[in-house]
Engineer: 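Right, I'll just put the structure down here and ask away after.
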Amino acid sequence: MKAGAARALRWTRVNLFSTPLNAALTLFIAYLAVRLLPGTVGWAVLRASLTAADDRACAASGGACWAFILDWSRFILFGRFPYAQQWRPAIVLVIFAALLLASFSRLLPGRWLALAWAGGLGAVALLMWGGVLGMPYVDTALWNGLPLTLILAAGGLGISFPLALLLALGRRSSLPAVRTLSIVYIEGARGVPFIAWLFLMLVLLPLFLPPGVAIAKLWRAEIAFALFIAAYLAEVVRGGLQAIPRGQYEAADALGLGYLHKTALVILPQALAVTIPAQVNTFIGAFKDTALISIVGLFDLLQDTNTALNDPAWRMAYVEGYVFVGAVYFVFCYSMSLYSRRLERRLGRERR
Amino acid sequence: MIELRRVNKWFGGRQVLKDVSLTVARGERVVVCGPSGAGKSTMIRCINRLEEHQQGEIFVDGIELTGDVKQIEAIRREVGMVFQHFNLFPHLTVLDNLTLAPIWVRRMPRREAEDLAMLYLERVRIPEQAGKYPSQLSGGEQQRVAIARALCMKPQIMLFDEPTSALDPEMIKEVLDVMVELAQSGMTMICVTHEMGFAREVADLMVFMDQGEVIETAPPDRFFTAPRNERTRLFLGRILRQ
């Protein structure tokens, strides 16, 4: 016991009070905690209400109105997807969670993981669309809420990544036409706000299609989203390509590897590994940017929450609504960050 | 096996190879020496087209080196190269470094490529490092892996571009020992090196270059005892005193 106390004291001195500045910071943070924590915990937990009938009842207890989230949870998560069929997007969420967990845990070897993603996304499409196996067809306009956010993000990142690789390689190509095209694309996509591209895509894309062919608004938004992120991601990858020493190219050349093999087996694996932090930065930004598609009338998680807040009974519960949405976004973004750190550690072990 | 005919090359306005001619027969070991900036590395890098020559002709194994990519790749498959700075692939294990080209260029089954890789790792005396990454090895070990990597392509010719210059002195011998063994096995070799002991031991032909020109070509006994050119004498005087 005594040894334990001594060790704790020693830890405190070394870690919290090692220098005057450190001691001052420790005291300052302790002060903030004392001032802010009781209020926050009291609001979010102690005085919170899970059962209140409306926002006025919550106000009486002075705590958070989680009852609003519970009351409207199905609408916030699934929006206008036919109520009786909402088990379908619910399974979609489970599939996404399973895919993300499978990716994070690295239980599956790479090839199986890719297959799992392909199969999983296929199942997602099947469940959302329906029209088979006794599931009624559901139009993409009714794909709302969290599934929409995840589909936009997964599709956008999935399409933009290979495109970004091509653009990054194209920008460093020795063929002038390829290089110019890549530069024009990247600078054009980056130089205009995403929202502008979103509107342009919705209005312009139909003009290029043969008459009678229509692409649902969701897919037009998805394409705009993917094309936009690809430009940013391409620049990230290009940074990685520039970090590869010339000797690596020469060694691959000297072994007789052709351009494709050299790029795919020697250069890109290294370029992608060194740019993981920047890639994840782009991915996290892009994930949150999916919220912008509500501007063109698609109902993602955030827009569903806004709609729910129109309920006269819960008009005052917007803080809770936005805290909830924020928490959902945070869970996804933070897990991406955790995943990237693990990946960095693993690749770092290989290198040095 | 290798023939260079009046090869010229410029970097910008500076001429780095001046009318370089050289013939290397099958099984011959050639050591190229000379002061830094003499064009030694540039010359051997022209042989597998890591550098492009602007005038003259280079034939490797009967094929002329032109801009034709297919021909360049064909020649590179037959010509192994070892670099001053090893240039191992840091993201791959030693074994994967060795099997990469046989699998993807020679289309060899993985199992066969791994057996071959282990055979060469044994020849360079580090089979126990197969599962490690290059950064976990010493410089001498890395260079021996690089030699084994080149050998796994079963090349007809091996080029060495100052293979021991980046090594700590105590590691030079382990690399040279491997190179001597390779020379004794009958491999056609061109080595750019300042290791004159190695040159005396294995070279069939010494080539001295200075300022982009081949100044003197001679068998080692005559080269070291009775160099004809004044510049060769000066260079040898400087390098052998060390």
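Just the heavy atoms: all of them, side chains too, but no hydrogens, waters or symmetry mates, feed the values below. Chain letters run A, B, ... following the sequence lines, proteins first, then strands; residues in each count from 1.
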Engineer: Of the non-hydrogen atoms in B:M81 and A:A254, which two are nearest, and what is the gap between them?
Structural biologist: CB-CB, 4.0 Å
Engineer: Any side-chain heavy atom of B:L100 sitting closer than 4.5 Å to one from A:L257?
Structural biologist: yes
Engineer: Give, for atom NE2 of A:H261 and atom CD of B:E73, the distance between the pair rounded to the nearest 0.5 Å.
Structural biologist: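 Answer for the NE2-CD pair, A:H261 versus B:E73, is 10.0 Å.
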Engineer: Can you tell which part of B:R45 gets under 4.5 Å to a heavy atom of chain A, answering side chain, backbone, both or neither?
Structural biologist: side chain
Engineer: Quick check: are there more than 12 heavy atoms from other residues, nucleotides or ligands sitting under 6.0 Å from CH2 of A:W219?
Structural biologist: yes
Engineer: Is the backbone of A:A273 close enough, under 3.5 Å, to the side chain of B:H91 for a donor and an acceptor to pair up by distance?
Structural biologist: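 No, the answer is negative, given that no donor and acceptor are paired below the 3.5 Å cut-off.
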Engineer: With a 4.5 Å cut-off on side-chain heavy atoms, are A:L255 and B:F89 touching?
Structural biologist: yes
Engineer: Chain A: which of B:R149, B:R77, B:H85 shares the most heavy-atom pairs with it under 4.5 Å?
Structural biologist: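 Top count of heavy-atom pairs under 4.5 Å with chain A: B:R149.
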Engineer: A quick test of your reading: do over 12 heavy atoms of other residues, nucleotides or ligands sit less than 6.0 Å from CZ of A:F208?
Structural biologist: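 No, because the 6.0 Å sphere around CZ of A:F208 holds 12 heavy atoms or fewer from other groups.
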Engineer: So which of B:I72, B:D96, B:I75, B:L88 has the biggest tally of heavy-atom pairs under 4.5 Å with chain A?
Structural biologist: B:L88
Engineer: Should we count CZ of A:R342 as having more than 12 external heavy atoms under 6.0 Å?
Structural biologist: no
Engineer: Tell me, do A:Q248 and B:P90 make a side-chain contact under 4.5 Å, heavy atoms counted?
Structural biologist: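 Side chain of A:Q248 against side chain of B:P90, heavy atoms only: contact under 4.5 Å found.
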